[in-house]
There are 2 protein chains.
Amino acid sequence: MRKGEETRTRLLDVAEAAVLAKGFGATSIDELIAETGITKSGFFYHFRDKNELAKALLERYIENDERIYDEIFSRAHELSDDPLQAFLLGLKLLSELLADLPNGHPGCLVATMCTQERAFDREIQEINRQAALMWRRRFGGMFRDIMRHYRPREALDADQLADMVSTVIEGGIVISKALKEPKSLPDQLLVFRTFVRMLFQPIAQA
Amino acid sequence: MRKGEETRTRLLDVAEAAVLAKGFGATSIDELIAETGITKSGFFYHFRDKNELAKALLERYIENDERIYDEIFSRAHELSDDPLQAFLLGLKLLSELLADLPNGHPGCLVATMCTQERAFDREIQEINRQAALMWRRRFGGMFRDIMRHYRPREALDADQLADMVSTVIEGGIVISKALKEPKSLPDQLLVFRTFVRMLFQPIAQA
DNA sequence: CCGAAAACCGTACCGGCGGTACAGGAGCGG
DNA sequence: CCGCTCCTGTACCGCCGGTACGGTTTTCGG
């Protein structure tokens with residue numbers, strides 16, 4: 001039981017790296033089992049087919065992703081009681097965390113699986129959708145909280161602002177990879193942070 | 001000679017749709033030739049291998065992409081002499097164009113090829129990088145032009161703002177697909193537009 | 001209208017990959 | 001010692017990318 005989970009985890013680790021590097025279709029089971037050190041039969045013991053591997057990969061990725069956001073923004077809310085300051089601090093922490101990744105962000109599984117949507121079944125597409133909705137709920141809640149204390153300079157929807165966070169992160173990953181400039185992603189997050197700060201800044205009175 | 005180009009174009013059309021839907025690795029030559037109505041020999045007459053197909057796809061996509069931006073922003077500059085108003089108008093026009101796509105944005109080849117970077121050779125990665133740099137030059141020029149006339153409320157780098165345009169578009173495509181909400185992409189562009197407007201708004205004096 | 005180049009077609013073949021089937025074995029807790 | 005988990009080994013199938021190459025039709029300039 002214990003050993004099975006360990007092998008499964010190693011297999012998922014290898015698979016995640018390969019899929020993020022080459023895409024799902026270009027990742028072969030043979031190469032995964034070679035690097036993990038098991039046989040093909042061993043692979044099919046853990047996963048019925050490649051699609052189930054994709055599902056397990058995605059679920060694990062999202063879980064981990066949520067955990068990271070939980071940690072960062074709960075730390076930020078510990079450091080400041082003000083919802084705006086806490087959010088801005090959270091963005092800063094996230095940016096720093098991303099900047100500290102030695103080879104840049106490895107890539108987002110949610111993105112790779114929805115840019116190749118027809119390669120997967122509807123269940124995976126639904127998991128993907130739920131992930132994006134979770135991000136919306138998380139950040140949307142923060143923006144609504146901020147709006148109870150600060151009057152935005154322009155009327156913007158909290159959910160659209162929440163989607164903007166996801167947008168900047170996903171887009172930043174893409175542009176970062178295209179440019180081969182890992183710093184681009186954390187920089188974009190800071191630009192967005194400046195926009196948010198500006199949005200809720202009280203209008204100066206002479 | 002004429003007919004050859006026509007067949008090639010049809011092949012590229014079919015391939016582009018398939019790659020954007022399923023990813024490059026999951027797109028088989030067999031299915032492409034079946035839909036195009038040629039044989040395997042015909043395919044390899046036009047392209048030495050699958051990688052050359054990818055290169056041709058990417059180059060054509062980028063060319064078309066540039067053409068669209070040229071049209072939209074030259075139209076915007078015709079309608080307003082002011083660089084800020086022209087840029088904001090361009091974003092609006094782009095947003096409307098994206099909103100009018102019946103099934104949402106079909107996906108960006110630059111994004112799919114850099115989320116699957118290890119599946120392609122360095123030449124393609126370099127083409128991708130040049131595309132992102134062209135976007136940066138295009139929008140960076142516009143922001144520099146704007147900054148000659150307007151003082152930004154916050155000190156932000158023109159190139160980083162330029163990358164933000166690409167980021168929002170690429171990220172918007174991803175989030176739009178994940179959520180299965182085509183409207184999300186044009187909406188995000190408009191949110192970004194509001195941010196830009198706010199950034200260059202003269203500070204109100206009482 | 002002719003000839004040559006362009007634009008394919010047909011066929012045969014190779015190795016790799018996803019997937020199936022199934023038999024069996026090592027290790028380990030009860 | 002039984003039974004369960006966690007695999008290994010072997011054999012096989014059909015699809016796919018790619019090669020090779022001879023043949024055929026279409027097109028267009030001269």
Side-chain angles (χ1 to χ4, degrees), chain A residues 1-58 60 109 112-113 116-124, chain B residues 1-58 60 112-113 116-121 123-124:
Chain A
M1 308 181 180
R2 184 58 51 80
K3 203 191 166 210
E5 294 227 352
E6 194 206 313
T7 306
R8 197 185 138 101
T9 301
R10 242 169 53 235
L11 194 49
L12 285 172
D13 287 342
V14 171
E16 184 171 318
V19 169
L20 287 177
K22 302 188 296 189
F24 191 74
T27 300
S28 75
I29 296 180
D30 280 10
E31 88 185 84
L32 298 182
I33 64 180
E35 198 165 340
T36 312
I38 58 171
T39 63
K40 210 176 201 179
S41 311
F43 176 88
F44 286 104
Y45 169 77
H46 287 288
F47 305 101
R48 222 177 310 148
D49 51 33
K50 226 184 162 191
N51 199 79
E52 206 175 274
L53 169 68
K55 203 181 125 191
L57 272 178
L58 187 58
R60 197 182 71 146
L109 271 183
T112 66
M113 293 203 181
Q116 306 165 37
E117 54 182 357
R118 290 241 164 256
F120 304 101
D121 58 21
R122 299 208 175 164
E123 194 181 358
I124 286 193
Chain B
M1 307 180 182
R2 185 58 51 80
K3 203 193 163 208
E5 293 226 353
E6 195 206 311
T7 305
R8 199 184 136 101
T9 300
R10 241 170 52 236
L11 194 48
L12 285 173
D13 288 342
V14 171
E16 183 170 318
V19 169
L20 286 177
K22 303 186 297 189
F24 191 74
T27 299
S28 75
I29 296 179
D30 281 8
E31 90 184 85
L32 297 182
I33 63 180
E35 197 166 340
T36 311
I38 58 171
T39 62
K40 213 176 201 178
S41 312
F43 176 88
F44 285 104
Y45 171 79
H46 288 288
F47 304 102
R48 222 175 309 151
D49 50 32
K50 226 185 162 189
N51 198 79
E52 207 174 273
L53 169 67
K55 204 182 126 190
L57 272 178
L58 186 56
R60 196 183 72 145
T112 66
M113 294 204 181
Q116 306 167 39
E117 52 183 358
R118 290 240 163 257
F120 304 101
D121 58 23
E123 195 181 357
I124 288 194

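The structure presented is a predicted model; accordingly, all values stated were derived computationally and were not measured. Every chain is numbered from 1 and lettered A, B, ... according to where its sequence line falls, protein lines coming before strand lines.
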Output the rounded distance in Å from [atom1] ([X]) to [atom2] ([N]).
| X | N | atom1 | atom2 | result |
| --- | --- | --- | --- | --- |
| A:R10 | D:dC7 | CZ | C1' | 12 Å |
| B:F43 | C:dA6 | CZ | P | 20 Å |
| B:N51 | D:dG17 | CG | C1' | 13 Å |
| B:E31 | D:dG17 | CD | P | 8 Å |
| B:D30 | C:dG10 | CG | P | 15 Å |
| B:L53 | D:dG17 | CG | C1' | 12 Å |
| B:F47 | D:dT19 | CZ | P | 15 Å |
| B:E6 | D:dT26 | CD | C1' | 13 Å |

[X] has a side chain; which of [options] sits nearest to it?
| X | options | answer |
| --- | --- | --- |
| A:T7 | D:dG18, D:dC7, C:dC8 | D:dC7 |
| A:Y45 | D:dC7, C:dA21, C:dC8 | D:dC7 |
| A:I29 | C:dG19, D:dG17, C:dG10 | C:dG19 |
| A:S41 | C:dG18, D:dG9, C:dG10 | D:dG9 |
| A:F44 | C:dT20, D:dG17, C:dC8 | C:dT20 |

Taken to the nearest 0.5 Å, the spacing of A:E35 CD from A:R10 CZ works out to 10.5 Å
### Query
How would you label the contact of A:S28 with the nucleic acid (heavy atoms, under 4.0 Å): base, sugar-phosphate, or nothing?
sugar-phosphate
Dot-bracket assigned to DNA chain D with the 3.5 Å Watson-Crick/G-U criterion, [ ] for crossing and | for other-strand pairs, is ||||||||||||||||||||||||||||||
B:A18 and B:E31 have their tightest heavy-atom pair at CB-OE2, 4.4 Å
Tell me if the side-chain of B:T39 makes a donor-acceptor pair with the base of C:dG10, cut-off 3.5 Å, by modelled atom types.
no
message: Ignoring hydrogens and geometry beyond distance, is the side chain of A:K40 in donor-acceptor contact with the base of C:dG18 at under 3.5 Å?
response: yes
Carboxylate-amine/guanidinium contact A:D13 A:R60, below 4.0 Å
yes
- Judged by atom type as modelled, is there a donor-acceptor pair below 3.5 Å linking the side chain of A:K40 to the main-chain atoms of A:I29? no
